[in-house]
Each structure stands twice: as C-alpha cells, then as structure tokens.
*Asks:* 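What follows is a single structure, and I will ask about it in a moment.
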Amino acid sequence: MHDWDITFEQAKQIQQELRDKVREAPLPGPVRLVAGADASFSKGSDDMFAAIVVLDAKTLEVVDVGRAECRALFPYVPGYLSFREAPALLQAWEELDVEPDLLVCDAQGRAHPRKFGLACHMGVLLDIPTIGSAKNLLCGEHRDPAPDKGSYRSIYDREGEVIGSVLRTRAEVNPVYVSVGHKITLPAARRQIMRFSPKYRIPEPIRHAHNEVNRMRRAALE
DNA sequence: GCGACAG
DNA sequence: ATCTTGTCGC
C-alpha cells in the first residue's frame, strides 16, 4: 500500500505504475454481496465522511455498513479523485464484517485519462472486482443511447479504444457512465449495474452509500 | 492559448 | 461535491 500524503507528480506516477495491474476479465465467481462506496464533504471543508454499504445482491437489502471520517489530504482535481477519497473509503472498507464480492464506486474506472480512475485504484489495492459508475463523463466520446431502459453506447478514447459504456439505467432520464474497475468485463459490468438499478437511475449500492455519508455529515453538524 | 473537467 | 424551496409530474 503506497502513501497518500503525496505530490501531484507522485500521484501521476502511481497511476501509471498501477494501471498495468488492472485486470479486465470475467468475474471470479457469483455476486452474492455487492457494496457501494461514496464520500461526502461540506461546502468549503476537507472533512470527509466515507461509507461502504453492503447489500444482499438478491434482495438488495442492507447487510452491513463500514464508516470512516477523516481529513482529505489531496484537493479535488479532475483525474486525481482517488487521491482525495480512496484513503477514507479504504478505511471504511476495513470496518466491514463481511467480504463483498463486488464494489461499485461513484466514479470512473477505465474511462479515465490514464485508464486508472478511482474504481480501478480501489480494485487493485483491495484485489477485488470493482465497477465505476459515474453520473458525469470525465473523458472520451460517445453517441447518446436510445431513451429505453437498458440501452447503451460505447465510450471511446482518442485512439478509438472502448473505455466504457453510457448506460440508460432508467427510461427517459440521463444515463450513467459505466467502466471496468478491476476483475470484470465491460459487458458484465453493465449487466451488474442494470441488475442493481431496478427502479432508480443511480445503482442501489451507490444510492445507499450516498444516503449514508450524507446522514453522517449532517449528524456531525450536531 | 482555449476548452473540458469523476466527486 | 456543496449551497438551497418550491414546484411540476407520474
């Protein structure tokens, strides 16, 4: 595990070194427990609230929650989100009593300038399957998917390589940007995201994690 | 130099 | 990401 109190240049080097460890391969086994990760901050503060919420993949009921609160050591800079949020997310992961089969991150995976978004970073460090499911695009180009639930289009980088999918998790609403984090294929990632988005645009694991971190932050205001 | 830019 | 009330619509 590398340090987190680093410089901008060191962060870039770490991404370039770890990117080759990312494995885009079939899931090692069935997903029975799926986790969602998210972090929250107050307006001008670096006090960070992070949580990992674990759901039963079949019933989508919460079975465990890992929490962490600490000070972000890195600023938010597009392309370097993991250096701001991963420390707290990893700490929250350590608080879990169960072992999730998959982790869905509210960020990019391979759909990143250096093919190493937060989802990849978490996957490689924890050595588990991860998926990046973001609400906005960081980089790449794509055509808009049909308005139907489940429709999708590929996201391409400058070289024409597919780096992710724009997926319509709900009809008539904005899509989400899905990409491989680690130890999963893009088609499987899309399938899992659809499976965990039965009603809302945002996948259940992330939705729960988002609600949790906001509860934590509001409670901390006392 | 200009525009883009996860959370 | 966060700041913020009501409001339009299924």
Side-chain angles (χ1 to χ4, degrees), chain A residues 4 8 11-12 14-15 18-19 22 36-53 68-92 103-125 130-142 147-149 155-158 163-167 169-182 186 189 193 198-203 205-221:
Chain A
W4 293 105
F8 224 81
K12 190 170 187 175
I14 288 173
Q15 293 182 321
L18 297 181
R19 56 179 292 175
V22 172
D38 195 24
S40 176
F41 303 79
S42 285
K43 51 178 180 181
S45 175
D46 278 332
D47 289 322
M48 172 168 49
F49 297 87
I52 301 288
V53 177
E69 179 181 344
C70 63
R71 175 91 59 184
L73 301 176
F74 211 84
Y76 167 66
V77 179
Y80 298 87
L81 179 64
S82 59
F83 297 94
R84 180 174 177 73
E85 302 188 347
L89 295 177
L90 291 170
Q91 193 177 311
L103 174 64
V104 182
C105 301
D106 184 27
Q108 308 293 344
R110 295 197 56 193
H112 176 277
R114 287 170 291 289
K115 307 290 176 66
F116 198 71
L118 173 63
C120 297
H121 211 141
M122 291 295 288
V124 169
L125 294 185
T130 61
I131 297 174
S133 177
K135 298 179 294 299
N136 292 289
L137 187 67
L138 171 60
C139 66
E141 302 182 341
H142 68 82
D148 314 89
K149 177 182 179 71
I155 300 174
Y156 304 86
D157 65 9
R158 294 183 187 181
I163 57 177
S165 301
V166 198
L167 178 64
T169 51
R170 182 174 178 175
E172 308 297 328
V173 303
N174 291 326
V176 294
Y177 302 83
V178 180
S179 57
V180 170
H182 191 47
L186 184 55
I193 291 300
K199 184 171 183 176
Y200 304 105
R201 175 205 180 202
I202 304 301
I206 293 179
R207 236 167 52 75
H208 282 282
H210 191 271
N211 290 332
E212 180 56 38
V213 293
N214 282 324
R215 280 195 291 271
M216 290 170 66
R217 185 167 61 75
R218 275 148 26 191
L221 293 179

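What you see is a predicted model, and the numbers here were worked out from it, not measured in a lab. So you know, we letter chains A, B, ... as the sequences are listed, proteins then strands, and number each from 1.
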*Asks:* So, do A/Tyr76 and C/dA1 meet the stacking rule of ring centres under 5.5 Å and planes under 30°?
*Replies:*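 Check failed, A/Tyr76 does not stack on base of C/dA1.
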
*Asks:* Side chain of A/Leu138, heavy atoms from C-beta onward: which of C/dT2, B/dC5, B/dG7 has the nearest atom to it?
*Replies:*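 Of all the options, the side chain of A/Leu138 is nearest to B/dC5.
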
*Asks:* Report yes if a side-chain nitrogen or oxygen of A/Lys43 is closer than 4.0 Å to either non-bridging phosphate oxygen (OP1 or OP2) of C/dT4; otherwise report no.
*Replies:*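 Indeed not, no polar side-chain atom of A/Lys43 lies that close.
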
*Asks:* Rounded to whole angstroms, how far apart are CD on A/Glu141 and C1' on B/dA4?
*Replies:*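 Going from A/Glu141 (CD) to B/dA4 (C1'), I get 12 Å.
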
*Asks:* Between A/Arg217 and A/Asp47, does any side-chain N to carboxylate O distance fall below 4.0 Å?
*Replies:*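 No, this pair does not count.
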
*Asks:* Rounded at 0.5 Å granularity, tell me how far OH in A/Tyr177 sits from CG in A/Leu138.
*Replies:*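 It comes to 11.5 Å.
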
*Asks:* How long is the straight-line distance from CG of A/Leu90 back to CD1 of A/Ile52, given to the nearest 0.5 Å?
*Replies:*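 So the gap between those two atoms works out to 8.0 Å.
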
*Asks:* Output the single nucleotide from C/dT2, B/dC5, B/dG7 whose closest atom is nearest the side chain of A/Asp106.
*Replies:*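 Side chain of A/Asp106 sits closest to B/dG7.
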
*Asks:* Ignoring backbone atoms, test whether A/Asn136 places a side-chain nitrogen or oxygen under 4.0 Å from the OP1 or OP2 oxygen of B/dC5.
*Replies:*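 No, no such contact exists.
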
*Asks:* Between P on B/dC5 and NE2 on A/His142, what's the gap in Å once rounded to a whole number?
*Replies:*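 Atom-to-atom, A/His142 to B/dC5, this comes out as 10 Å.
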
*Asks:* Could you give the CG-to-P distance, from A/Asp38 to B/dA6, as a whole number of Å?
*Replies:*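 The distance from CG of A/Asp38 to P of B/dA6 comes to 15 Å, rounded to the nearest Å.
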
*Asks:* Do the rings of A/Phe83 and A/Phe74 sit parallel, tilted or perpendicular, given the 30° and 60° boundaries?
*Replies:*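 Plane angle between 30° and 60°, so tilted.
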
*Asks:* Which part of the nucleic acid, if any, lies within contact of A/Asp46, taking any heavy atom under 4.0 Å across all strands shown: a base, the sugar-phosphate backbone alone, or nothing?
*Replies:*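 No contact at all - A/Asp46 keeps every heavy atom at 4.0 Å or more from the nucleic acid.
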
*Asks:* Taking any heavy-atom pair under 4.0 Å as a contact, classify A/Gly79: base, sugar-phosphate, or nothing.
*Replies:*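 It contacts base atoms.
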
*Asks:* For A/Pro175, is there any backbone N or O sitting under 3.5 Å from a side-chain donor or acceptor partner on A/Arg201?
*Replies:*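 Judged by distance alone, yes, a pair lies under 3.5 Å.
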
*Asks:* Taking OP1 and OP2 of B/dA6, is either one under 4.0 Å from a side-chain nitrogen or oxygen of A/Lys135?
*Replies:*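 Checking A/Lys135 against B/dA6: no side-chain N or O falls below 4.0 Å of OP1 or OP2.
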
*Asks:* Assign A/Tyr80 to base, sugar-phosphate, or nothing according to its heavy-atom contacts below 4.0 angstrom with the strands shown.
*Replies:*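 Base contact.
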
*Asks:* Write down the distance between CD1 (A/Ile206) and C1' (B/dA6), rounded to a whole number of angstrom.
*Replies:*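 After rounding, the reported distance stands at 11 Å.
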
*Asks:* Given atom CZ of A/Phe74 and atom P of B/dG7, what is their separation to the nearest angstrom?
*Replies:*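 Rounded to the whole Å, the gap is 18 Å.
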
*Asks:* Considering just the side-chain nitrogens and oxygens of A/Arg217, establish if one lies under 4.0 Å of OP1 or OP2 belonging to C/dA1.
*Replies:*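 Looking at the OP1 and OP2 atoms of C/dA1, neither is under 4.0 Å from any side-chain N or O of A/Arg217.
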
*Asks:* Would you mind telling me which of B/dA6, B/dG7, C/dT2 lies closest to the side-chain atoms of A/Gln108?
*Replies:*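 Nearest to the side-chain atoms of A/Gln108, counting from C-beta on, is B/dA6.
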
*Asks:* Nearest to the side chain of A/Ser40, heavy atoms from C-beta on, is which of B/dG7, C/dA1, B/dA6?
*Replies:*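 Out of B/dG7, C/dA1, B/dA6, the nucleotide with an atom closest to A/Ser40's side chain is C/dA1.
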
*Asks:* Contact class for A/Ala134 (heavy atom, under 4.0 Å): base, sugar-phosphate, or nothing?
*Replies:*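 Touches sugar-phosphate only.
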
*Asks:* Starting the side chain at C-beta, find the nucleotide from B/dA6, B/dG7, C/dA1 nearest to A/Leu118.
*Replies:*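 That would be B/dA6.
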
